[in-house]
Peer 1: 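Let me give you the structure first, and then I'll get to my questions.
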Amino acid sequence: MQVGWSILLIIHGILAVFLLGAITHQAVGAAWPVTKRGSGFFSSVRGVNGMSYTNAVIVLFVVTFTLGCIIYPTYRINVRTVLQEYRLFKPEGMFEMKEHLLALSLALLPVYWIFWSKASEANRVARTVLTSLIAVAVWWSFLTGHIINNIRGFGS
Amino acid sequence: MTKVERLAAIFGIAFAVIYAPTMDYNWTFATYHPIQGIWQLGRAPPLGGGSPAMYWYGFVITAALGALALTAIAALVPDKLMDRVPWRSLIWSVPLGAIIYVGYVLLPYATKT
């Protein structure tokens, strides 16, 4: 059974990497767009077409979130208790923040999808800030998951 | 803004407005006891024997149901009235405010030793 949870955790982590890449590209492209396309790395990252990432971001977010919900009880039983025993309050608090950031981001996905599918100058600011908020939530969650996994993850 | 855009924005705003106090005051819709695999409606204490009680799933359900209800009510409000509200600003500023609120509630984790 423990092996099954570890496999789910690894799939959760791999999907999170894909999500991190997609949302970061989209957020950078939206917040810091290129005015003139160049050939350099940063110019390429800034010059991505944000619209092409939207569906991938939503699918990856929902699937990663669902997997996280499935493995969450295992965290509560096997990991959080250890964090509390060793008085590791900062990582515990980071995980608390992670779950709230992701819940708030999940509720933003419908409007995020609509704003990107009907991208216009009128919704540019809202679209950019929403994408950036989701990107921050994904980055926070990824780093927190990585730290928690280092403390008590696979094989511990 | 089209009606669909506005309703999606209202859902996101309402979810954030309901979620922040829900996690603070534990207005959970349901409690899950992971060791026993039992769900209970509302806020329930841990069942004992070192078993934790999980409220977060219930927070999401509370906020989602509340946001759905508010969105349904908003759908009945005449477009003329709704067009006056700056939804495009509220859709990011309200969730941002909720994130700051949640961060403030969780601040003791950063200072506890």
Side-chain angles (χ1 to χ4, degrees), chain A residues 65 68-81 83-85 87-134 136-137 140 144, chain B residues 1-2 4-20 22-24 32-35 37 50-57 59-64 67-68 71 86-99 101-103 105-113:
Chain A
F65 184 91
C69 287
I70 293 168
I71 57 179
Y72 183 35
T74 310
Y75 161 80
R76 282 301 295 264
I77 296 167
N78 298 320
V79 182
R80 195 183 185 210
T81 45
L83 298 179
Q84 288 170 338
E85 273 173 34
R87 304 180 70 79
L88 296 167
F89 297 120
K90 285 185 181 73
E92 187 191 353
M94 283 177 75
F95 195 92
E96 294 285 313
M97 192 69 195
K98 163 182 163 146
E99 57 194 39
H100 300 311
L101 281 174
L102 291 177
L104 290 165
S105 298
L106 183 73
L108 294 176
L109 290 184
V111 73
Y112 158 86
W113 182 79
I114 290 171
F115 279 176
W116 273 107
S117 58
K118 291 181 182 174
S120 66
E121 189 53 33
N123 65 25
R124 189 180 59 81
V125 173
R127 186 163 29 93
T128 304
V129 181
L130 280 180
T131 309
S132 304
L133 280 179
I134 296 171
V136 167
W140 179 279
T144 301
Chain B
M1 247 182 147
T2 64
V4 175
E5 280 177 292
R6 200 168 52 228
L7 291 178
I10 290 169
F11 178 81
I13 294 164
F15 188 96
V17 167
I18 298 167
Y19 188 88
T22 295
M23 61 76 60
D24 192 8
Y32 180 62
H33 303 279
I35 290 181
S51 166
M54 296 176 67
Y55 303 113
W56 176 78
Y57 297 118
F59 297 161
V60 178
I61 298 169
T62 302
L68 277 174
T71 307
W87 298 113
R88 284 197 189 96
S89 302
L90 291 174
I91 185 54
W92 59 264
S93 55
V94 173
L96 185 62
I99 289 169
Y101 180 97
V102 168
V105 171
L106 296 178
L107 210 54
Y109 281 103
T111 52
K112 257 197 289 192
T113 51

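Just so we're on the same page: letters track the sequence lines, and every chain starts at 1.
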Peer 1: In Å, rounded to the nearest 0.5 Å, how long is the span from CG of B:L106 to NZ of A:K98?
Peer 2: 14.5 Å
Peer 1: Can you establish whether the number of heavy atoms outside B:W56 located under 6.0 Å from its atom CH2 is more than 12?
Peer 2: yes
Peer 1: Would you give the length of the straight line joining atom CE of B:M23 to atom CD of A:E96, rounded to the nearest 0.5 angstrom?
Peer 2: 7.5 Å
Peer 1: Would you give the length of the straight line joining atom CZ of A:F89 to atom OG1 of B:T111, rounded to the nearest 0.5 angstrom?
Peer 2: 10.0 Å
Peer 1: Going by heavy atoms in the side chains, are B:V102 and A:M97 under 4.5 Å from each other?
Peer 2: yes
Peer 1: Side-chain atoms of residues 100-111 of chain A: list all donor-acceptor pairs with protein atoms under 3.5 Å, sequence neighbours left out, distances to 0.1 Å.
Peer 2:
{"unit_1": "A:H100", "atom_1": "ND1", "unit_2": "B:Y19", "atom_2": "OH", "d": "2.5"}
{"unit_1": "A:S105", "atom_1": "OG", "unit_2": "A:L101", "atom_2": "O", "d": "2.8"}

Peer 1: For chain B, which residues of residues 127-134 of chain A have at least one non-hydrogen atom nearer than 4.5 Å to it?
Peer 2: A:V129, A:L130, A:L133
Peer 1: Pick one of side chain, backbone, both or neither for B:V4, based on which atoms fall under 4.5 Å of a heavy atom in chain A.
Peer 2: both
Peer 1: Against chain A, work out which of B:A16, B:G103, B:A20, B:P34 has the most heavy-atom pairs shorter than 4.5 Å and name it.
Peer 2: B:P34
Peer 1: Under 30°, 30 to 60°, or over 60°: which ring-plane class applies to B:Y57 and A:Y72, parallel, tilted or perpendicular?
Peer 2: perpendicular
Peer 1: Minimum heavy-atom separation for B:R88 and A:A126, please, with both atom names.
Peer 2: O-CB, 3.3 Å
Peer 1: Is any side-chain heavy atom of B:M1 closer than 4.5 Å to one of A:N123?
Peer 2: no
Peer 1: Does B:T2 reach the side chain of A:K118, with side-chain heavy atoms less than 4.5 Å apart?
Peer 2: yes
Peer 1: Sequence neighbours left out, what passes salt bridge (charged side-chain N to carboxylate O under 4.0 Å, His left out) with A:E121? Give chain and number order.
Peer 2: A:R124
Peer 1: Should A:P73 and B:M54 count as side-chain neighbours, where that means a heavy-atom distance under 4.5 Å?
Peer 2: yes
Peer 1: Please classify the contact of A:R87 with chain B as side chain, backbone, both or neither, using a heavy-atom distance under 4.5 Å.
Peer 2: side chain
Peer 1: According to the salt bridge (charged side-chain N to carboxylate O under 4.0 Å, His left out) rule, which pairs have a member within residues 6-19 of chain B, sequence neighbours left out?
Peer 2: B:R6-B:D79, B:R6-B:D83
Peer 1: So which residue, A:E92, A:E99, A:K90, ends up with the most heavy-atom pairs under 4.5 Å with chain B?
Peer 2: A:E99
Peer 1: Name the region of A:A137, side chain, backbone, both or neither, that has any atom closer than 4.5 Å to a heavy atom of chain B.
Peer 2: neither
